[in-house]
Q: 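Could you have a look at this structure, given as structure tokens, before my questions?
The sequence lines fix the lettering, A, B, ..., with proteins before strands; numbering per chain opens at 1. Below, all heavy atoms of this structure are taken into account, side chains as well, without hydrogens, waters or symmetry copies.
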Protein chains: 2
Amino acid sequence: MAVIDRKKLILEAAAKSFSLYGYKATTMDQVAKLANVGKGTIYTFFKTKEELFDEIISSLIADIRFEVESALDDSASILDNVNHVLARVHEFRKSHQLTIKLIQEERDMGTQTVVEAMQRVEQSIIQYMKGIIQKAIEKGEIKSCDPEITAFVMLKMYFSLVNEWQRNHPPLKKEEIAKLFELYLLKGLLA
Amino acid sequence: MAVIDRKKLILEAAAKSFSLYGYKATTMDQVAKLANVGKGTIYTFFKTKEELFDEIISSLIADIRFEVESALDDSASILDNVNHVLARVHEFRKSHQLTIKLIQEERDMGTQTVVEAMQRVEQSIIQYMKGIIQKAIEKGEIKSCDPEITAFVMLKMYFSLVNEWQRNHPPLKKEEIAKLFELYLLKGLLA
DNA sequence: AAATGACCGAATTGGTATTTTAGTCAGTTT
DNA sequence: AAACTGACTAAAATACCAATTCGGTCATTT
């Protein structure tokens, strides 16, 4: 196409700026300059800064899902699948510039918009895991249980182990976490 | 004793003020006035405001332990004991003025001293649960496992379920949480 | 010897002048 | 005329500084 796709330019510029400076420190002037468009043009595609940001978050969610989907194996056990999904999500969060910046901004400044965005991301991961768990129930691989609470508990447990446990202890290796998941959630503690 | 126990007066005044106004908003002048002592007197017993606060936190920890200890029954199952302990801790946090105020201050202002104090409280609960779990392992009631990680996971799981799940869902009843603990941690999900 | 409160420097607060920013829109370009 | 632009505005954020408050000390009192 001879015409430049201005919306795409804007989205790319915004993604870059949010990754580099976070939500608050990114200005619309800055995005306009980076995208080589007038500021008014942005507002023909997005009603507000927040709407632009939300669209970036939507594609972030899609990226995570794609990343995670390739880790999924229908013939593998639920334990392996859950571990793979959680490990990939964690890898993604640790290596992806935008998520790093947003986690930082959420922690350090508590920007409302960012807090909400991160909750949306978390919710979407939970919904995705819910599907995996539902399948495992149908296959009779695990007991019948509320798939959403189960997904929620798994995610919380995972993030506790990788993020909070390290505050007072040496970090756990990937295989150790897998073992803990197996023990606590699958086999159970009962002797 | 004819002499007034000034240290006790100061501790009581401080506890009252921290409960009412939190850590930051409590001033040493205020504590002195409440305790009916000169400000200098406080500094003959406590080096700094933080040290005074730490002593209040130590007795808070003792109070929690006492509250929890009475919920413990050596002849009961590990599940019942863990559920009782966690429920009592939660009740305590919800009803005790000082903890309410400090949780609020931690959330709203992130006061460093308060964050550290709350971590100390959490650590002491974990250490306490660790003992319970260790006993259950020795009795052969549950499998051999790292008692500290187990205590940590249990506490995190509990607080996730009572504090975070409610953000997007109707709150879980005490018995529902007990059932979830039983399913996830004791019996395990495996069919 | 024990207790006190006036006092000190550091930190916080409140008020305000200045700058920055999200969003608009009259005008320009294509 | 449809798409695009950037100077403009009102509101919000920031920088600034004076005034106050606070944790901690110590010379004096009890």
Q: Could you state the CG-C1' distance from A:Leu9 to D:dA3, rounded to the nearest angstrom?
A: 15 Å
Q: Please indicate whether A:Lys179 has more than 12 foreign heavy atoms, meaning atoms of other residues, nucleotides or ligands, lying under 6.0 Å from its NZ.
A: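 Check fails, neighbour count at 12 or below.
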Q: Suppose we call a contact any N or O donor and acceptor under 3.5 Å apart; does that hold for the side chain of B:Lys39 and the base of D:dG23?
A: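 Side chain to base: pair found, below 3.5 Å.
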Q: Using whole Å, report how far OH of B:Tyr43 lies from P of C:dA1.
A: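 In whole Å, C:dA1 P lies 24 Å from B:Tyr43 OH.
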Q: Go through the side-chain N and O atoms of A:His169 and B:Glu148 and say whether any donor and acceptor fall under 3.5 Å apart.
A: yes
Q: Calculate the interatomic distance between B:Ile10 atom CD1 and C:dA2 atom P; express it in whole Å.
A: 14 Å
Q: Return yes when atom NZ of B:Lys139 has more than 12 non-hydrogen atoms of other residues, nucleotides or ligands closer than 6.0 Å, and no otherwise.
A: yes
Q: Which whole-number value in Å describes the distance from B:Ile42 CD1 to D:dT25 P?
A: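 In whole Å, D:dT25 P lies 13 Å from B:Ile42 CD1.
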Q: Please work out which residues in residues 18-38 of chain A have a non-hydrogen atom less than 4.0 Å from an atom of DNA chain D and list them by number.
A: A:Lys24, A:Val37, A:Gly38
Q: Round to the nearest Å and state the distance from A:Lys7 atom NZ to D:dC4 atom P.
A: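 It is 13 Å, rounded to the nearest whole Å.
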Q: Donor-acceptor pairs are to be reported for all side-chain atoms of residues 153-163 of chain B against protein atoms at under 3.5 Å, with residues two or more places apart or in another chain.
A:
unit_1, atom_1, unit_2, atom_2, d
B:Lys156, NZ, A:Glu164, OE1, 2.5
B:Lys156, NZ, B:Glu122, OE2, 3.1
B:Ser160, OG, B:Lys156, O, 2.8
B:Asn163, ND2, B:Phe159, O, 3.4

Q: How many angstroms lie between CD in B:Gln127 and CD in B:Gln123, if you round to the nearest 0.5 Å?
A: 5.5 Å
Q: Toward the 5' end of DNA chain D, which comes first, B:Lys49 or A:Phe45, by nearest nucleotide?
A: A:Phe45
Q: Base, sugar-phosphate, or nothing for B:Thr48, non-hydrogen atoms under 4.0 angstrom?
A: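 Here B:Thr48 touches the backbone only, sparing every base.
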Q: Side chains of residues 104-112 of chain B: which donor-acceptor partners sit under 3.5 Å, not counting sequence neighbours?
A:
unit_1, atom_1, unit_2, atom_2, d
B:Gln104, OE1, B:Lys101, NZ, 3.4
B:Glu105, OE1, B:Tyr23, N, 2.7
B:Glu105, OE2, B:Lys24, N, 3.1
B:Glu105, OE2, B:Thr111, OG1, 2.8
B:Gln112, NE2, B:Glu116, OE2, 3.0

Q: Measuring to OP1 and OP2 of D:dA3, would you say a side-chain N or O of A:Arg6 lies under 4.0 angstrom away?
A: no
